[in-house]
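Written out below as structure tokens is the structure these notes cover.
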Number of protein chains: 2
Amino acid sequence: MTRADVAAAAGTSVAVVSYVVNNGPRPVSAATRTRVLEAIELTGYRPDVVARALAGGFTHTFGLLVPDVSNRFFAELAHQVEEHVYASGHLILLADSADDPVRERELMNALMERRVDGIMLASVDADPDLSGAIAGGTPVVLLDRIAPSALTSSVVPDNIGGARAATEHLIEHGRRRIGFIAGPAALPTSQDRAAGWESALAAAGLERGPLVEAPFSRAGGLEAGRRLLTGPDRPDAMFASNDQQAVGLLRAAHDLGVRVPQDLGVITFDGSQDAAFAIPSLSSVVQPLAEIAEHAVRLLLARPHVTARVTTGHTLALRASCGCPDGPTAP
Amino acid sequence: MTRADVAAAAGTSVAVVSYVVNNGPRPVSAATRTRVLEAIELTGYRPDVVARALAGGFTHTFGLLVPDVSNRFFAELAHQVEEHVYASGHLILLADSADDPVRERELMNALMERRVDGIMLASVDADPDLSGAIAGGTPVVLLDRIAPSALTSSVVPDNIGGARAATEHLIEHGRRRIGFIAGPAALPTSQDRAAGWESALAAAGLERGPLVEAPFSRAGGLEAGRRLLTGPDRPDAMFASNDQQAVGLLRAAHDLGVRVPQDLGVITFDGSQDAAFAIPSLSSVVQPLAEIAEHAVRLLLARPHVTARVTTGHTLALRASCGCPDGPTAP
DNA sequence: TTGAAAGCGATACCAG
DNA sequence: CTGGTATCGCTTTCAA
């Protein structure tokens, strides 16, 4: 079942089959077209993706490169991306850099070698090296990093605004000593979320509570929580940079007998299902995953190629951890 | 930088370059070999993966088809698989069937069209249709399903043994009315875990506690928990079919004021990080993810192609939810 | 041991 | 509007 078979069955040439399949680049008469279509139906012909890629076409495959698929935020993102590309017949080549910049670089190459039609990159790096992709002509959408040049797209959340909203909410609850679990200091994401936290505090005339830096992981949050909650002058609320850290923090509080939300209000950023199902359920700034996925896919799918920087909004999911009532259904 | 350039630089033919790169199928004299190697170094030549695949070789890409990447068990599995294939220069084409058998079928085809070197399939189906893959000659490793024929491999946990061990542990704690949250009844996985639970109960001369069927999700566990915990004759312990269900159950208990482990002992199957970080931390039958990934990858990598049915062991991680003491570090 | 050349399956140019 | 055919980069058979 190659197009040679189809051509034979349709009594035409392989070129015409190609024109029909691709709707171009040459026109085909209606009569021949239907004849070819029938032949395709008859033979059950499916174009060979690999051969097509070799000849310069598309692979109908996108790359998704994340620091850690087992981070629920990225897992849910991957799920959403799948959902969005599925309709257009694309598949996802998933790469996991395991938080390693070197590996990220290598995987970018591996992705390009496989001729993916585009790459969605959630980089471990503050500003990843995109020169290879640009040179190779592979469209890239940066996730959670602002594109360094107009050559590549990005879709980022409003980190500052979200962090500010979260902190403000804690303040409204009457919390006065509000700490922050930051992510790795070098990342813009970390800096922006810190900035939002600070600005809310400043606007309310409050001192900055303790800031501790930790990896974006449960273990990081656990460690940070232990330090924070056993130290002198314990905060009465914490804003965590992501859900994983918050889950770790919750565990630290639990182990130390610190009650959430009575003794410690907690709010977090990301809003994955981990937040909804934590005990107590975690209030959080929710990133619109479906929207992020949709934008990223749309930018990659667009012909001719376009680039854009889109900023996504956020909502606040208020649950038990900050002191808000928890509805009957957790999520 | 094609092998023509390398051939030119080495003063040899393209065929020889191929022989050197692939270590065959024809021998090459030591002298020429080093000359070619130098030329490769010099030109920075990288073989074109796509062309190589077209010419009949391999794509150095495996397919991983799961029901839901955002299920932490599969996310962690994906992570492990990545880890294991990385060294051999492979990448993972990730497909998410969203629990839909039809979609699963389509994705299998999509994977095969892309000429993946092998497929790891965690099917939604009790016995998935592998005829296409077998006909196409694509090696498949079934995860969590026993291979229906000797033509395909499988790696499965000891569902019965694991479930029995979990239930026995609950019994040792003095629990007497032990319920079970089952998965979808049609799946062998569900049936086996139920069988293990029953056999432990029978061996101890205990009556079967309530059994309720629920999807393998948090929402499923939540719903099941609500039903179980508000009904008459509430169980004093529950065994959940997977971590997601257990997390939902924990939430139901929390909402209803049922204390875990005092009023209700809980133990689960899978042992993802969700279990380690739940509050209270969940005791569970731990599946050796790294081992599963390793076996699956090894079976796919093996040349010549081999098939096998491997059963993986399990360990019990005893934590707070069953009444065991929780160490200072949760995980 | 080496090289020339025939595919692999599809694209798209150039004639007709 | 159609049909040859060169091309993509590599593998591998067949001869030398």
Side-chain angles (χ1 to χ4, degrees), chain A residues 1-37 39-40 43-61 89 109-110 112-117 136-138 303, chain B residues 1-37 39-40 43-61 89 112-117 136-138 303:
Chain A
M1 0 234 152
T2 75
R3 81 275 88 109
D5 301 314
V6 178
T12 173
S13 78
V14 294
V16 174
V17 176
S18 203
Y19 301 150
V20 171
V21 172
N22 304 334
N23 277 317
R26 291 277 94 84
V28 175
S29 72
T32 336
R33 152 166 273 108
T34 51
R35 204 137 42 76
V36 171
L37 257 16
I40 288 179
T43 55
Y45 164 77
R46 310 264 298 172
D48 184 312
V49 187
V50 176
R52 196 177 255 206
L54 212 220
F58 299 93
T59 53
H60 293 275
T61 303
N109 287 333
M112 293 182 49
E113 278 178 9
R114 282 168 180 75
R115 297 251 234 282
V116 292
D117 297 343
T138 306
R303 295 293 119 114
Chain B
M1 0 235 150
T2 75
R3 86 265 99 102
D5 302 315
V6 178
T12 173
S13 77
V14 294
V16 174
V17 176
S18 204
Y19 301 151
V20 171
V21 172
N22 304 335
N23 276 318
R26 291 280 91 83
V28 174
S29 73
T32 351
R33 152 168 274 107
T34 52
R35 207 138 39 77
V36 170
L37 256 16
I40 289 180
T43 54
Y45 164 76
R46 308 262 300 172
D48 183 313
V49 187
V50 176
R52 190 179 263 205
L54 210 220
F58 301 92
T59 53
H60 293 275
T61 303
M112 293 182 51
E113 275 178 13
R114 283 167 180 76
R115 296 253 237 283
V116 292
D117 297 342
T138 307
R303 295 298 119 125

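Below, chain A is the first sequence line, B the second, and so on; all start at residue 1.
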### Task
For the pair A/Arg3 and A/Asp48, evaluate salt bridge (Lys or Arg N to Asp or Glu O under 4.0 Å) and give the outcome as yes or no after the intermediate values.
CA-CA 9 Å; A/Arg3 81 275 88 109; A/Asp48 184 312; over 6 Å; no

### Message
Is any side-chain heavy atom of A/Asn22 closer than 4.5 Å to one of A/Arg52?
### Response
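Counting from C-beta outward, A/Arg52 and A/Asn22 do come under 4.5 Å.
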
### Close side-chain approach of B/Val21 and B/Ile40, heavy atoms under 4.5 Å
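Yes, their side chains come closer than 4.5 Å.
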
#### Entry: A/Asp5 versus A/Thr43, side-chain donor and acceptor atoms under 3.5 Å
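Result is no, nothing qualifies.
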
#### Entry: Side chain B/Arg114, main chain A/His60, donor-acceptor under 3.5 Å
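Flag set: sc B/Arg114 to bb A/His60 pair under 3.5 Å.
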
### Query
Taking five pairs at each end of the helix from C/dT1-D/dA16 to C/dG16-D/dC1, what angle separates the two helix axes (nearest 10°)?
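If I round to tens, the end axes sit 50° apart.
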
### Task
Take nucleotides 6-16 of chain D nucleotide by nucleotide from the 5' end and write B, S or -, depending on whether a protein heavy atom sits under 4.0 Å from the base, only from the sugar-phosphate, or from neither.
--BBBBBB---

### Task
Grab the two heavy atoms, one from A/Ala7 and one from A/Ser13, that are nearest each other, plus how far apart they are.
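Taking every non-hydrogen atom into account, CB-C, 3.7 Å.
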
### Query
So among B/Thr32, B/Val36, B/Thr12, B/Thr34, which one has a side chain to side chain contact (heavy atoms under 4.5 Å, CB included) with B/Val20?
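Going through the options one by one, the only one that passes is B/Val36.
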
### Task
Please name the residue in the list A/Val17, A/Val14, A/Val16 that meets the side chain to side chain contact (heavy atoms under 4.5 Å, CB included) test with A/Val6.
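Result for side chain to side chain contact (heavy atoms under 4.5 Å, CB included) with A/Val6: A/Val17.
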
### Query
Under 4.0 Å between a side-chain N or O of A/Thr32 and OP1 or OP2 of D/dC1?
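Answer no for this pair, as no side-chain N or O of A/Thr32 is under 4.0 Å from OP1 or OP2.
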
